[in-house]
Engineer: 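Below you'll find the structure I mean.
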Amino acid sequence: MDDRLPVRVAVDAPQHSGLGGALDYLSERTLSPGTLVRAPLGRREVTGIVWPGDADPEPSVALKPVAAVLDAVPPLSARWCELVDFAASYYQRGLGEVALSVLPPELRKLDDDQLAQRVARLRKAWAVPPAGPVPARPELTPDQAAALARLGELSAPGQAPVVLLHGLTGSGKTEVYLRAAEDALAAGRQVLVLVPEINLTPQLEARFAERFGAGPAPKRIVSLHSGLTPAQRLKNWLAAHLGLADLVLGTRMAVFAPLPRLGLIVVDEEHDPSYKQQEGARYSARDLAVYRGKLEGACVVLGSATPSLESWQRAEQGRYERLTLAHRVGNGALPAVRLVDMNLLPKAPGVTTLLSPQLVGALARRVERGEQSLVFLNRRGYAPVLHCGACGWKSDCPHCSAWRVFHKVDRTLRCHHCGFTQAVPRACPDCGNLDIAPLGRGTERLEEQLAEALPGARVARIDADSTKTKGALEAQLSAVHAGDVDVLVGTQMVAKGHDFRRITLVAAVSPDNALFSSDFRAPERLFALLMQAAGRAGRDAAQADRSEMVVQTWHPTHPLYAALQRHDFKAFADSQLKERSMAGLPPFSHLALLRAEARTAQAAREFLQAAATLAEQIPGARELLIYPPVPHHIARVANVERMQMLVESPTRGTLQRVLRPWVDELTRLKSQHKGVMRWALDVDPLAI
DNA sequence: AGCACGCCGACT
DNA sequence: GTCGGCGTGCTC
């Protein structure tokens, strides 16, 4: 008889191994749920978490003892485990895989003594925060005051409301976050702030530090995102977990930060697609934040100028409380939106102009007045493709079903999907003709054409290429802030969040493509991007009245642009929701996407067809609609063929009931389809 | 996924 | 004679 106790331990065994859940081990002492342990798994030793619930050992398996207990780190809370349980089950991944993948990687490399040292050092460093004077707070606008008053009512003890803060750009959403955080902090609770991108963390962190970092009772702020060094990430994670940090600011991974006294979760720019993880457990940090708020009894604030249609509909239904900031701080006007009908431009034969006289004129006036302009084009490089006029050759990528982009800066052809790069050929590789020309345009070419059209103007470009080296983005942004740039060319990178005080003109040069995309969310994304870009203009109230947005379009009568001109998100959302409703698309249905990757499209298709056949035998499947497999938007990347199959369900519940047994079968199915390299299930996919 | 074992070609 | 290719099988 063995008197050692069986315990459930979540270990990092991937879902495809068939050991997705928790495994049972023996322990000599009682271990609280949430305790970190090291345990043998096969021939190696892995980190695991003692999981809530009773062990349920299979009689045929001889249990092994836990190898070590990491006592230095306090156990993760039952609520944290419940969040992970939910995420794993909802997104159909292994429990241990999810639980361990959201811990700082460094944690899994250290032993108990090393962790004890880190914890001790951290506590010691934390022991002295210096007090200072009360920081200045701006006066609230009437909108802000009303929103905060309502938030206060909703956050009565025991309540955990979800609030959709719909505030147009420049209306002071951040100040609402700060005041809400102030209340939570004053009540002794922790605050979690999520932002879509790492780039946006420093400026928001600065705002929070300015408000809470000093004063009579200074608070501690830490960040959590993939840009931190492993040691920093562990340190900040421990600070949150030990309750030393009062404020945690981070990207989507931070939704799993252990926070013993969580009282408020802010999701800034809640509509942003970056909140959806695109590999592993494909979770939505925004949706998990809402779930976590309920679990922890914490208030959740979802903020956006252009909310996701999912959140907007929930607000319409009364499931979320909508609070509106309808006016800009200082009552500045939103930029007037001027549509330039590109159909009316005089056409020179063989020449397609990218810059209308109207736009060039508007830019020239800004340069003259010493004001700044932002010209926005969501395509980097010089031109998306090179073309041979003689034989029709185009610069396609040999490994992908995509063009290689011409980058004039270093005279290369680059595939933006697999990275394949070559020098630009002197002559057409097919026919030897010397007349090969760029087709279409990207930011590099736009920069060049603007410099030609505006002699003497200082034109700069910010995109993924110009900011590759460390610190380059910061340097370029500070040049813009210092006024060393007249016209800034950029991709969506510059449309988000930045507080450029001197910009009075924003231009979208060629936004039409998204209007006719096969992706049903493309209009929503375009509208959000244009509203966000428009918000870059006139942030200084003194200049707001002169601020303007120019949109060049071949479809000036499109309803999306009409709504944009009126800055009317509600009209746009209502019309989109009507279309979604008629088409049976989310949020009126629930989707899952099964993807398969193989050397041949045929192998991927056969796997998906077999998967569909299996699904049809699962109870509840009759309520689902399983579409035939189709190639991915870019079917081949790095010589791998990608197919996908959409599953549509009237309710979340039915979808979940079918998916669960399905993924178990898919693991088996893959072993019968040798050609298939990988498969993945995406619940609530963003792009289809 | 790791990490083993296992059975066939070119080298210190 | 070994080192090593990656096929397939297991992990409480």
Side-chain angles (χ1 to χ4, degrees), chain A residues 1-70 76 81 84-85 87-89 91-111 226 230 253 277-283 594-600 603 607 638-640 663-682:
Chain A
M1 238 335 245
D2 200 326
D3 60 350
R4 291 176 298 182
L5 309 154
V7 282
R8 283 183 84 203
V9 178
V11 290
D12 187 11
Q15 150 202 58
H16 302 331
S17 69
L19 300 172
L23 300 181
D24 294 329
Y25 289 87
L26 296 171
S27 167
E28 288 174 15
R29 59 185 174 105
T30 313
L31 296 173
S32 329
T35 304
L36 292 167
V37 294
R38 306 271 307 164
L41 180 67
R43 271 154 275 260
R44 63 212 170 101
E45 197 175 275
V46 297
T47 304
I49 303 169
V50 176
W51 211 250
D54 293 327
D56 181 23
E58 249 183 73
S60 60
V61 186
L63 302 192
K64 292 182 185 175
V66 161
V69 180
L70 303 178
L76 292 151
C81 293
V84 168
D85 255 327
S89 113
Y91 295 104
Q92 306 296 334
R93 303 292 296 205
L95 172 64
E97 181 200 10
V98 175
L100 277 297
S101 70
V102 301
L103 297 182
E106 193 76 351
L107 190 69
R108 299 157 71 172
K109 294 186 188 144
L110 302 183
D111 63 33
S226 59
M253 65 163 67
Q277 172 100 11
Q278 291 300 345
E279 54 189 32
R282 294 167 182 250
Y283 62 85
L594 183 64
R595 305 167 197 271
E597 294 182 2
R599 282 281 172 224
T600 67
F607 172 81
N639 292 319
V640 174
V663 288
D664 294 337
E665 306 232 37
L666 290 177
T667 306
R668 246 168 291 140
L669 187 67
K670 182 176 179 290
S671 61
Q672 296 159 23
H673 288 257
K674 305 279 185 209
V676 174
M677 302 155 71
R678 297 197 318 172
W679 65 269
L681 184 72
D682 191 347

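Numbers restart at 1 for each chain; the letters A, B, ... are given by sequence-line order, proteins then strands.
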Engineer: Rounded to whole Å, how long is the line connecting atom CZ of A:R43 with atom P of C:dC12?
Structural biologist: 9 Å
Engineer: How close or far is atom P of B:dG2 from atom CD of A:E97, stated in whole angstroms?
Structural biologist: 11 Å
Engineer: Rounded to the nearest Å, what distance is computed from the CG atom of residue A:L41 to the P atom of nucleotide B:dA1?
Structural biologist: 14 Å
Engineer: At their closest point, which heavy atom of A:L95 faces which heavy atom of A:A88, and how far apart are they?
Structural biologist: CA-CB, 3.8 Å
Engineer: Whole Å only: how far is the CZ atom of A:R8 from the P atom of C:dC12?
Structural biologist: 16 Å
Engineer: Which atoms form the tightest heavy-atom contact between A:R8 and A:A55, and what is the distance?
Structural biologist: CG-CA, 3.5 Å
Engineer: Just how far, in rounded Å, is P of C:dC12 from CG of A:L31?
Structural biologist: 18 Å
Engineer: Using whole Å, report how far OH of A:Y25 lies from P of C:dT11.
Structural biologist: 11 Å
Engineer: What's A:P6 touching, base or sugar-phosphate or nothing? Going by heavy atoms closer than 4.0 Å.
Structural biologist: nothing
Engineer: Could you state the CD-C1' distance from A:Q672 to C:dT8, rounded to the nearest angstrom?
Structural biologist: 16 Å
Engineer: Closest heavy-atom contact between A:E45 and A:A67?
Structural biologist: OE1-CB, 3.3 Å
Engineer: Residues in side-chain contact (heavy atoms from CB on, under 4.5 Å) with A:S32, at least two apart?
Structural biologist: A:T35, A:P75
Engineer: Within this structure, what is the CD-to-C1' distance between A:E58 and C:dC12, rounded to whole angstrom?
Structural biologist: 9 Å
